[in-house]
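Note that these values count all heavy atoms, side chains included, but never hydrogens, waters or copies made by symmetry.
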Amino acid sequence: MCGILAVLGCSDSSQAKRVRVLELSRRLKHRGPDWSGLHQFGDCYLAHQRLAIVDPASGDQPLFNEDKTVVVTVNGEIYNHEELRKQLPNHTFRTGSDCDVIAHLYEEHGENFVDMLDGIFSFVLLDTRDNSFIVARDAIGVTSLYIGWGLDGSVWISSELKGLNDDCEHFESFPPGHLYSSKERAFRRWYNPPWFSETIPSAPYDPLALRHAFEKAVIKRLMTDVPFGVLLSGGLDSSLVAAVTARYLEGTKAAKQWGTKLHSFCVGLEGAPDLKAAKEVADYIGTVHHEFHYTVQDGIDAIEDVIYHIETYDVTTIRASIPMFLMSRKIKSLGVKWVISGEGSDEIFGGYLYFHKAPNKEEFHQETCRKIKALHKYDCLRANKSTFAWGLEARVPFLDKEFIRVAMNIDPEYKMIKREEGRIEKWVLRRAFDDEEHPYLPKHILYRQKEQFSDGVGYGWIDGLKAHAEKHVTDRMMLNAANIFPFNTPTSKEAYYYRMIFERFFPQNSARLTVPGGPSVACSTAKAVEWDAAWSNNLDPSGRAALGVHVSAYGNQVKAVEPEKIIPKMEVSPLGVAI
């Protein structure tokens, strides 16, 4: 993984332009502290800042085909690169890098090879034979990528806004699952799964198929030549990631090189719900556990750095990014270069607490589709940029293409939350890993209620942020908010405070347009706010805003359900299908 920057067709091949591209590329150095590379062909520049994980010795970029007529700069991990190499017997590979297959696949298949890649990636490929280029981003947008256009006719590509915002007339987020072709001067979607149309699926729920798909997604991500670990909050998603990793680590190439002892990491305020749960899970699965504490003041002091790095003014994203940013620095200081994380599960399975109010399976499924499509603006952006701020990579098995295919093909009736039947949020995932003979997790962890990361690190965290914003944003300032910020007008002092900082770093109109907006409760889309009339008066992204749902909700409290009362026994037929 790394940071990439490309300037294409700028009509300037001077030394001064090369120096400018190098200067902008250095703004991404935090993403790739291990190597810097720049290839120039006429008025096209491909720059790269490398975080070396696979083949650290020889995998420096840009990468080339045999005669160097095809040049590629890539930010990504290609998990099936060994299988793809076998399909290219007539090609000679210069490095052992997993990304080395891209130039050769292009030679064989032209622009139509992107769907063959199993992994996360953003890349720019320049064909010097006709001076054409293509740009592509992974299916969900796990890797960050932006595209911009200059007045001189140039096209700019950067892993982060800060690489192009000062030099482009217009720029925007590069859409996930798309390819941009210079020959067509247009985008086209290369990722076209059935769920994208939001058609309601009808496949029966097979818990073992779901379990096996997730296990495969985790195992393929253990591709590494450097030390790694797992982020463990003690919630369902990160606990399953950690448990599966610990169970299957032995026997992998990673274990042979770095040992079978898995390191886990957690962050929180003193006494935070996540810290206690994470320690219990770590003891249960046998990881070497690292617990990091921070204070509300530590987090407040980091706000400006975090907004600069994650490049958003979205309240939920900033709240959750700050502790992740602080933890990532600690993890990197221990010599770890990448971690496995649990992002994506809540979007796929309807794990956010507001899904309790979904009126029917159709709306439930359509909301999960909307949430997955928007992940690149929220949790993927947070996980990618708050870790890469310190040169740490995050891998997310829940967003594996094949796993998403399996999970989103399940009839959403099985995902619906039905308390009267003992089915809490993400019930299908919990039940898939509810193994009596070889348990993955303790029962009460497997059935622990959803905590949003910004809540789980300590409820005092959000209250502290709000109190800090109150000191810097007056009532009079809020009265003029719509005039100062007509687009995505801040509706709270906390939002106003973040917006002021963002605009100082990224003052262009294009920059503010990259950030999503609209009403939300407990991380819902604007459409889902319509599910409960009371929510329109309580628009807060915290999970506690789901009144009458969260056991620690604002206002009305609901009694927690004991795990043993909500776990229906799963019997499995000889064919491996749940009965």
Take atom CH2 in Trp35; do more than 12 heavy atoms of anything else shown fall under 6.0 Å from it? no
Exam field: side chain Ser122 to backbone Leu145, donor-acceptor pair closer than 3.5 Å: no
Could you tell me which residues satisfy side chain to side chain donor-acceptor pair (under 3.5 Å) with Ser25, sequence neighbours excluded, listed by chain and number? Gln49
For Tyr498 and Ile307: C-alpha separation, side-chain torsions, deciding distance, then whether side chain to side chain contact (heavy atoms under 4.5 Å, CB included) applies. CA-CA 8 Å; Tyr498 299 153; Ile307 292 175; 4.1 Å; yes
Taking salt bridge (charged side-chain N to carboxylate O under 4.0 Å, His left out) as the test, write out the residues that go with Asp225, two or more places apart. none
Cation-aromatic face contact Lys68/Phe64, 6.0 Å, 45 degrees: yes
Whether Trp461 side chain and Arg319 backbone form a donor-acceptor pair below 3.5 Å: yes
Within the side chain of Arg31, is there an N or O that forms a donor-acceptor pair under 3.5 Å with the backbone of Cys2? yes
Between the side chains of Thr295 and Gln297, does any donor sit under 3.5 Å from an acceptor? no
If you take the centroid of each ring, where Trp contributes its six-membered ring, are Phe174 and Tyr180 closer together than 6.0 Å? no
List for me each residue that meets side chain to side chain donor-acceptor pair (under 3.5 Å) alongside Ser154, sequence neighbours excluded, and say none if there are none. Asp152, Trp156
Measure from NZ or CZ of Arg512 to the centre of the six-membered ring of Phe487 and say whether it is under 6.0 Å with the direction within 45° of the ring axis. no
Assess the pair Tyr308 and Phe502: is the distance between their ring centroids shorter than 6.0 Å? no
Heavy atoms, side chains only, cut-off 4.5 Å: are Leu63 and Ile102 in contact? no
Does Ala282 have any side chain to side chain contact (heavy atoms under 4.5 Å, CB included) partners at least two apart in sequence or in another chain, and if so, which? Leu232, Ser264, Thr287, His289
Can you confirm whether the side chains of Gln61 and Arg50 place a donor and an acceptor under 3.5 Å from each other? no
Under 3.5 Å donor-acceptor, Lys253 side chain and Met223 backbone: no
According to the salt bridge (charged side-chain N to carboxylate O under 4.0 Å, His left out) rule, which pairs have a member within residues 285-308, sequence neighbours left out? Glu304-Arg504
Can you tell me how far the CD1 atom of Ile78 sits from the CG atom of Asp98, to the nearest 0.5 Å? 6.0 Å
Is a side-chain donor-acceptor pair under 3.5 Å present for Ser159 with Ser144? no
With Asn65 via side chain to side chain contact (heavy atoms under 4.5 Å, CB included) - residues at least two apart: Asp67, Thr69, Val70, Ala103, His104, Glu107
Can you confirm whether the side chains of Asn75 and Thr143 place a donor and an acceptor under 3.5 Å from each other? no
Quick one: CZ on Arg189 to CG on Asp115, what's the gap to the nearest 0.5 Å? 11.0 Å
Lys371: which residues meet the side chain to side chain donor-acceptor pair (under 3.5 Å) condition with it, sequence neighbours left out? none
Is it the case that Tyr496 and His472 place a side-chain donor and acceptor less than 3.5 Å from each other? no
Would Lys373 count as a cation-pi partner of Phe196, with NZ or CZ less than 6.0 Å from the six-membered ring centre and within 45° of the ring normal? yes
Less than 6.0 angstrom from the centroid, inside 45 degrees of the normal: does Arg85 satisfy that with respect to the ring of Phe93? yes
Listed by chain and number, what are the salt bridge (charged side-chain N to carboxylate O under 4.0 Å, His left out) partners of Glu215, not counting sequence neighbours? none
In chain order, what residues pass the side chain to side chain contact (heavy atoms under 4.5 Å, CB included) check against His263, with sequence neighbours excluded? Phe265, Val288, His290
Indicate the ring-plane relationship of Trp149 and Phe187, choosing parallel, tilted or perpendicular according to the 30° and 60° boundaries. perpendicular
Aromatic contact between Tyr497 and His468, with the criterion being ring centroids under 6.0 Å apart: yes or no? yes
Are His39 and His48 close enough, and set up right, to give a ring-ring contact (aromatic ring centres under 6.0 Å, His included), and what steps lead you there? CA-CA 9 Å; His39 179 80; His48 187 266; over 10 Å; no
Parallel, tilted or perpendicular: which fits the ring planes of Phe123 and Phe113, with parallel below 30° and perpendicular above 60°? parallel
Less than 4.5 Å apart, side chain to side chain, heavy atoms only: is that true for Arg382 and Lys377? no
Distance alone, cut at 3.5 Å: any donor-acceptor contact between the side chains of Asn165 and Tyr146? no
Heavy-atom count check: over 12 atoms from other residues, nucleotides or ligands less than 6.0 Å from Arg329 CZ? no
Should the ring pair Phe349 and Phe398 be called parallel, tilted or perpendicular, given that the plane angle runs from 0 to 90° and is split at 30 and 60? perpendicular
Check: Glu311 side chain, Lys162 main-chain N or O, donor-acceptor pair, under 3.5 Å: yes
Between Asn488 (side chain only) and Arg499 (backbone N and O only), is there a donor and an acceptor less than 3.5 Å apart? no
Here the gap from Leu84 atom CG to Asp118 atom CG, rounded to the nearest 0.5 Å, amounts to 8.5 Å
With Lys337 via salt bridge (charged side-chain N to carboxylate O under 4.0 Å, His left out) - residues at least two apart: Asp34
About how many Å separate CD1 of Ile140 and SG of Cys380, when rounded to the nearest 0.5 Å? 7.5 Å
Who are the salt bridge (charged side-chain N to carboxylate O under 4.0 Å, His left out) partners of Glu347, not counting sequence neighbours? none
What residues, two or more places apart in sequence or in another chain, satisfy side chain to side chain contact (heavy atoms under 4.5 Å, CB included) together with Lys330? Phe292
